[in-house]
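Reckoned from all heavy atoms, side chains included, excluding hydrogens, waters and symmetry mates.
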Amino acid sequence: MAREFQRGHKAKISDLTPGTDLYVGVQIAAPGLTFDISCFGLDANEQLSDDRYFIFFNQPKSPEESIQLLGAQSGDTESFRVTLDRIPAAIQKLSFTATLDGSGQMSQIGPGYIRIVAGGEEVVRYAFTGSEFTTERAVMLGDFYLKDVWRFAAVGQGFDGGLDALLKNFGGEVAEEEAPPAAAPAAAPGFAPPAQAAAPPAFGAPPAAQAPQPAPSFGAPPAPTPSPAPQQPMHAAPTIAAPLAPQTPQAPQAPSPYGQPHQPQQPQFGQVPGQGAPPAPPFGQQAPAPYGQQAPAPYGQQPPVGMPPGVPQGMPQGVPQGAPATGAGLQAALQPYKEAATGQRWTPQNQQLMRVDLTMGGSGVLARQGSMVMYQGKVDFGYKSAGFVGRAVGNATGQEMQLMRCTGRGQVFLAEEGSHLHPIELQGDAICVSAESVLAFDESLQYEVRRVEGHGIPGGALFTMQFQGTGTVIVKTHGTPVVLPVTPTTFADCNAVVAWSAASQVIVSTQVRLRRNAYPGHSGETVNLQFRGAPGNFIVVQPYEV
């Protein structure tokens, strides 16, 4: 039976199915609207570093065919075949997206879904509707991502800017085309290899309502009636500047490779119409500027006299030589500080700023009062009362947290006094953190005050907070911390320890001796915490003493 996912839900692929040869189907539709459904193969930095792993209508498969675009079938608007054990190690994430081709908004779509089928059985489905979106023109539907093992996440995050915003999020660009390519794309992989009479297929389809058909070694869920071959989509909107190879030798001209200099469709100076691109310029001469950069001076004009070497032709005099290659101006100056959108619930914007998307996860967030620096959308902030018992315990142990509850649909940005922020994701395990080092956490987590064994620590640090469950806790530190394994000889200053694994045994260790106290002065390191535990336990220490 298929598992129904909500936005923000995640699971290991191995918990859904033992197979690695998967069918991914996407259903999305709206009256009068056309959609482009694509798959981005991203690296560890969630960037499209290898153009060959952008799978779309004009590049239907990756080099080793671990990702293949199959076309519309079995009631799906678009479908893919993903073979996880064949994906190269450089590809750490597969993001399945849908963008509008033409005018319209995602709020106009009807009920849709993204689903995974393995061995002919649907194992997971994430359903969505247009009511979840407003003016967005592109949406990330779901992700396969590698975190020790392959996992699946239901994303459902949109972009107002459509294809342009989506490409820039993955480090790409959009180029305008005057006319669509004349050649038809290659046919999608078929589903009719020689029939197998005995063993069921490794990648099969759900039982069909018609007469039995030959069982393929890889097959999508069969439709009640044979689906026609995918038709040539007409794309009037901007298409992706990805490696577009002509499908037949008669193709007049293929779009330039993704991220490479864009060759205009009209002939270059000295080029006869119908010929290929002009040869590389002689040494010492300037090549045509890449797409998005300063264009060279028009034919017949010369660079201004005294123009410094390396400055593109056509750039006005007086522009600083250190201006960015993509052009000077306000947008270029602010580009390094743009908001980072990863499709996750918690996203670090930099070392000191954290963004939480309340539309994902289905639960609220508890954050330190006054830690909100900005928010977008409809967000409600409420006082989180600890109750009489909670306040009494917090005052007595020094672990009182003044919290606010953040709920609604929007994004909240959190920070506090420039502290470094670190998201720690818990999946049923537990961690101990001092209340002073907690900035925010998911409301789904359970937390309680835990006593540290020993004779006491000066300053009331005899207790700590323990967080347990499934969710994320944001820990703040002064500077970049270090994580150390726990050994029988691991000691740490109680004022520098930030967190430790809940399974560790913590004992207060003192070095106070009568002879030492009989004389004035001491080392200042008389009270420490000793950590013990099995292999795998750890402590987090910051380069700062509270």
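The minimum heavy-atom distance between Val379 and Gly410, with the atom names listed, is CG2-CA, 4.0 Å. Considering all non-hydrogen atoms of both residues, Ala415 and Leu421 come closest at CA-CD1, 4.3 Å. Of all non-hydrogen atoms in Arg345 and Asp442, the two that sit nearest each other are NE-OD1, 2.8 Å. Contact between Phe35 and Ala30 at its shortest, heavy atoms only, is CE1-N, 3.8 Å. What you find for Val155 and Met360 is that their closest heavy atoms are O-CE, 4.1 Å. What you find for Asp51 and Leu48 is that their closest heavy atoms are OD1-O, 4.3 Å.
Residues passing the ring-ring contact (aromatic ring centres under 6.0 Å, His included) test with Tyr375, sequence neighbours excluded: Phe381. Every residue meeting the ring-ring contact (aromatic ring centres under 6.0 Å, His included) condition with Phe144, not counting sequence neighbours, appears here in chain and number order: Phe96, Phe152. Partners of Pro348 under the side-chain contact (heavy atoms from CB on, under 4.5 Å) rule, at least two apart in sequence or in another chain, are Met354, Pro423. The ring-ring contact (aromatic ring centres under 6.0 Å, His included) test applied to Trp500 returns Phe531, not counting sequence neighbours. The ring-ring contact (aromatic ring centres under 6.0 Å, His included) test applied to Phe441 returns Tyr447, Phe467, not counting sequence neighbours.
Under the 3.5 Å distance criterion, the side-chain polar atoms of Asn350 are matched with a main-chain donor or acceptor of Leu353. Looking at Gln92, its side chain does come within 3.5 Å of a backbone N or O of Ala89 through a donor-acceptor pair. Formation of a donor-acceptor pair under 3.5 Å by the Ser79 side chain with backbone atoms of Gly71 is found in this model. Between the Gln59 side chain and the Phe56 main chain, no donor and acceptor come within less than 3.5 Å of each other. Without hydrogens or angle criteria, Ser444 side chain to Thr470 main chain gives a donor-acceptor distance under 3.5 Å. Using a distance-only test at 3.5 Å, with no hydrogens or angles considered, no donor-acceptor pair links the side chain of Glu132 to the main chain of Arg7. Under the 3.5 Å distance criterion, the side-chain polar atoms of Arg368 are left unmatched by any main-chain donor or acceptor of Met401. In this structure, Ser363 contributes its side chain and Glu443 its backbone to no donor-acceptor pair below 3.5 Å. Of the possible polar contacts, none joining the Arg355 side chain to the Gln349 backbone as a donor-acceptor pair under 3.5 Å is found.
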Verdict with supporting geometry, Glu436 and Ser434, side chain to side chain donor-acceptor pair (under 3.5 Å)
CA-CA 5 Å; Glu436 181 62 28; Ser434 173; over 6 Å; no
Would you check, one step at a time, whether the test side chain to side chain contact (heavy atoms under 4.5 Å, CB included) holds for Thr99 with Ser38?
CA-CA 8 Å; Thr99 58; Ser38 312; 5.6 Å; no
Trace of the side chain to side chain contact (heavy atoms under 4.5 Å, CB included) decision for Gln376 with Phe413:
CA-CA 9 Å; Gln376 296 174 314; Phe413 294 77; 4.1 Å; yes
I'd like to know whether Leu22 forms a side chain to side chain contact (heavy atoms under 4.5 Å, CB included) with Ile13, so could you lay out the CA-CA distance, the side-chain angles of the two residues, the decisive distance to 0.1 Å, and finally the verdict.
CA-CA 10 Å; Leu22 307 176; Ile13 296 296; 4.2 Å; yes
Worked check of side chain to side chain contact (heavy atoms under 4.5 Å, CB included) between Val26 and Thr77:
CA-CA 6 Å; Val26 175; Thr77 309; 5.5 Å; no
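Val412 places none of its side-chain heavy atoms less than 4.5 Å from the side chain of Val365. Contact of the Val24 side chain with the Ile114 side chain is registered, since non-hydrogen atoms from C-beta on lie closer than 4.5 Å. Under the 4.5 Å side-chain criterion, counting only non-hydrogen atoms from C-beta, Val540 is not in contact with Val475. Contact annotation: the side chain of Asp143 never approaches that of Leu42 to less than 4.5 Å [non-hydrogen atoms, C-beta and beyond]. Counting only heavy atoms from C-beta outward, the side chains of Leu33 and Leu100 approach each other to under 4.5 Å. In this structure the side chain of Met404 reaches within 4.5 angstrom of the side chain of Met372, judged on heavy atoms.
Atom-to-atom distance recorded for Ile87:CD1 and Glu64:CD is 8.0 Å, nearest 0.5 angstrom. The structure places CG of Asp43 at 11.0 Å from CZ of Phe170, a figure rounded to the nearest 0.5 Å. Here CD of Glu425 is found 4.5 Å from NZ of Lys10. Values are rounded to the nearest 0.5 Å. Between Leu426 atom CG and Leu445 atom CG the span is 5.5 Å, to the nearest 0.5 Å. Summarising the geometry, atom CZ belonging to Phe80 is positioned 9.0 Å from atom CD1 belonging to Ile67; distances are rounded to the nearest 0.5 Å. Between the CZ atom in Arg81 and the CD atom in Gln68 there is a gap of 5.5 Å [rounded to 0.5 Å].
At a cut-off of 3.5 Å, with distance as the only test, no side-chain donor of Ser49 or Gln47 sits close to an acceptor on the other residue. Judged purely by distance below 3.5 Å, without hydrogens or angles, the side chains of Ser95 and Thr97 never pair a donor atom with an acceptor atom. Side-chain contact, Gln369 with Ser371: no donor N or O sits under 3.5 Å from an acceptor N or O.
Using bins of under 30°, 30° to 60° and over 60° for the plane-to-plane angle, the ring pair Phe5/His9 lands in the perpendicular bin.
A salt bridge links Arg115 with Asp76: the distance from a Lys NZ or Arg NE/NH1/NH2 to an Asp or Glu carboxylate oxygen falls below 4.0 Å.
Test Ile37, Asp36, Ile28 against Glu78 for side-chain contact (heavy atoms from CB on, under 4.5 Å) and you get one pass: Ile37.
A ring pair (Phe, Tyr, Trp, His ring centres under 6.0 Å) check over residues 345-364, counting only residues at least two apart or in different chains, returns nothing.
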